[in-house]
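Okay, structure first, notes after.
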There are 2 protein chains.
Amino acid sequence: MTYRLPALNALRAFEAAARHLSFRMAASELGVTAGAISQQVKKLEVSLGVALFRRLPQGLLLTTEGETYLPQISKVFEDLTEATEAIAPKMNSKKFNIGICSKAADILPPHWPKHRGSLKAFVRDSIYTNDVEMIRTNEIDCLIRLGGGPYGDLALIKIPSSASTKKHPAELHYVCKPGLADCRQSKAILEDLKIHTLSNS
Amino acid sequence: MTYRLPALNALRAFEAAARHLSFRMAASELGVTAGAISQQVKKLEVSLGVALFRRLPQGLLLTTEGETYLPQISKVFEDLTEATEAIAPKMNSKKFNIGICSKAADILPPHWPKHRGSLKAFVRDSIYTNDVEMIRTNEIDCLIRLGGGPYGDLALIKIPSSASTKKHPAELHYVCKPGLADCRQSKAILEDLKIHTLSNS
DNA sequence: TTGGAGGGATAGAAATACTGAGTCTCTGAA
DNA sequence: TTCAGAGACTCAGTATTTCTATCCCTCCAA
């Protein structure tokens, strides 16, 4: 008997923006522009008749209402994700396209990640590239490269066991959208990288 | 850290369709055509990689997955509604346009529902009509009339205290979209109608 | 055998969401 | 005090999504 819910996509924009306290980062997580987030959040606020954010020059703050709303909305999305993964195994296994910079490829075993059974479920393809922009354009889901330059709002994860040594003068890094840093796919790939770099050093 | 949720509006179509086990009735509840529901549900099934309904010539059945999914999704929407109403009082008070058939108007106090303080928050306007179609076209939210003809998939509620008597040869009925039968607005109007017809008989 | 109910498909229309560019304000560094 | 950088807002135009309107099919009951 649900009736007159707020716009669901606008809720998603709100949830991400409130989590980051930044429209720009929310935009990056959801793969749209900040203007789109701004518009969606405004639309939500108008439809609710309540301000959710205080826009300060220094950035965003949640209003009391936003503060109350955020955890509940986050929970709703979590419940939704859980329910969905329970019935739709396919959603778990969206396969990643991996970008590998050529210097990182030198360190990794030949043809990695092919023939890695444990990754088969998580990896669709891999290409050689060093272009971080391809993450933003969704051509690749993550990029493995040497060294951790500044990637703006992208998530940057250092491969734990790949500390700089004589043999490996720079550290392996894993770059992806912030929203993807914690997902199964990333975890599996990172785990596999960790094993490899350990056994190599 | 939510990632790759199913399309939220498609979930809404699924939830309504699963509750009614009918695309047509779900469409009526959500104020769209059955084709739109059909498309949304199909899109959801494709994106999940799982069939949610079995389409039989006799109508719909839920698959095992759909059966599992429905209560969880319903709960999600309930939680969402609750969270939203808590911070956005405005959402509670979408005002109804009431249609009143002229025979029903004879029974009701003059100018009802005007001057009814308890309804002020729930009623925008009332007009005289006996045209059920206006509910489907959203020109009115509910219709109060004598006698309970067949209204297809619309909800039909008999006003409890208006049993047929010499003075009132037919019973007052309240007609609205199924999704609106349980909402605050309907409850308030029905409550007021009950009091009136009691005091009149 | 016919008509009605209900779901499926599809093309085109309508509504929604997104982008891109320009603007404003504030901050912190030079 | 000036300037560059961040971050958000607005608006026009465009892209995408969603809905409608039809026509189709199947089943069932009269």
Side-chain angles (χ1 to χ4, degrees), chain A residues 4-47 51-63 66 133 136-138 150-154 177-179, chain B residues 4-47 51-63 66 133 136-138 150-154 177-179:
Chain A
R4 195 133 311 198
L5 290 172
L8 298 175
N9 296 320
L11 274 181
R12 197 145 181 219
F14 161 72
E15 199 268 345
R19 217 164 357 86
H20 294 293
L21 285 180
S22 157
F23 286 176
R24 199 179 49 77
M25 290 172 71
S28 162
E29 173 175 328
L30 298 180
V32 298
T33 60
I37 300 290
S38 172
Q39 287 174 9
Q40 290 285 21
V41 169
K42 170 142 301 169
K43 174 179 142 186
L44 180 62
E45 291 179 317
V46 168
S47 87
L52 297 168
F53 290 103
R54 295 177 57 200
R55 279 91 167 162
L56 305 179
Q58 302 83 339
L60 296 178
L61 279 185
L62 285 164
T63 59
E133 281 309 309
R136 297 208 172 82
T137 59
N138 293 316
Y151 302 118
D153 47 323
L154 293 175
K177 290 194 184 178
Chain B
R4 195 132 313 197
L5 288 173
L8 299 174
N9 295 319
L11 276 179
R12 196 146 181 219
F14 162 72
E15 199 267 345
R19 218 165 353 90
H20 293 295
L21 285 180
S22 157
F23 288 173
R24 202 177 46 76
M25 289 172 73
S28 162
E29 173 175 328
L30 298 180
V32 298
T33 61
I37 300 290
S38 171
Q39 287 174 9
Q40 292 283 23
V41 169
K42 169 142 300 169
K43 174 178 141 186
L44 180 63
E45 291 179 317
V46 168
S47 86
L52 297 168
F53 290 104
R54 295 177 56 200
R55 279 89 166 163
L56 304 180
Q58 302 83 338
L60 295 178
L61 279 185
L62 284 164
T63 60
E133 281 308 310
R136 297 207 172 81
T137 59
N138 294 316
Y151 300 118
D153 47 323
L154 294 175
K177 291 192 184 181

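Per chain, numbering begins at 1; letters A, B, ... match sequence-line order.
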- prompt: Between A:Leu44 and A:Val41, is any pair of side-chain heavy atoms under 4.5 Å apart?
  reply: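 Of all side-chain heavy-atom pairs linking A:Val41 with A:Leu44, none is under 4.5 Å.
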
- prompt: With side chains defined as the heavy atoms from C-beta onward, is the minimum distance between B:Phe53 and B:Thr63 less than 4.5 Å?
  reply: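 Answer no - side chains too far apart.
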
field: From OG (B:Ser38) to CZ (B:Arg55), nearest 0.5 Å
entry: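 With rounding to 0.5 Å, OG (B:Ser38) is 6.5 Å from CZ (B:Arg55).
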
query: Can you tell me how far the CZ atom of A:Phe14 sits from the CZ atom of A:Arg19, to the nearest 0.5 Å?
result: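 Between A:Phe14 CZ and A:Arg19 CZ, I get 10.5 Å after rounding to 0.5 Å.
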
Which pair of non-hydrogen atoms, one from [X] and one from [Y], has the smallest distance, and what is that distance?
X: B:Ala13; Y: B:Leu30; answer: CA-CD1, 4.1 Å
X: A:Ala34; Y: A:Ala27; answer: N-CB, 3.5 Å
X: A:Ala17; Y: A:Ile37; answer: CB-CG2, 4.2 Å

field: Outermost nucleotides of DNA chain C that come under 4.0 Å of a non-hydrogen atom of chain B
entry: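 On DNA chain C, the outermost contacted nucleotides are C:dG6 to C:dA11.
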
- prompt: In the 5'-to-3' direction, what one-character label does each nucleotide of nucleotides 4-11 of chain D receive under the scheme B = base within less than 4.0 Å of a protein heavy atom, S = sugar-phosphate only, - = no such atom?
  reply: ---SSSSB

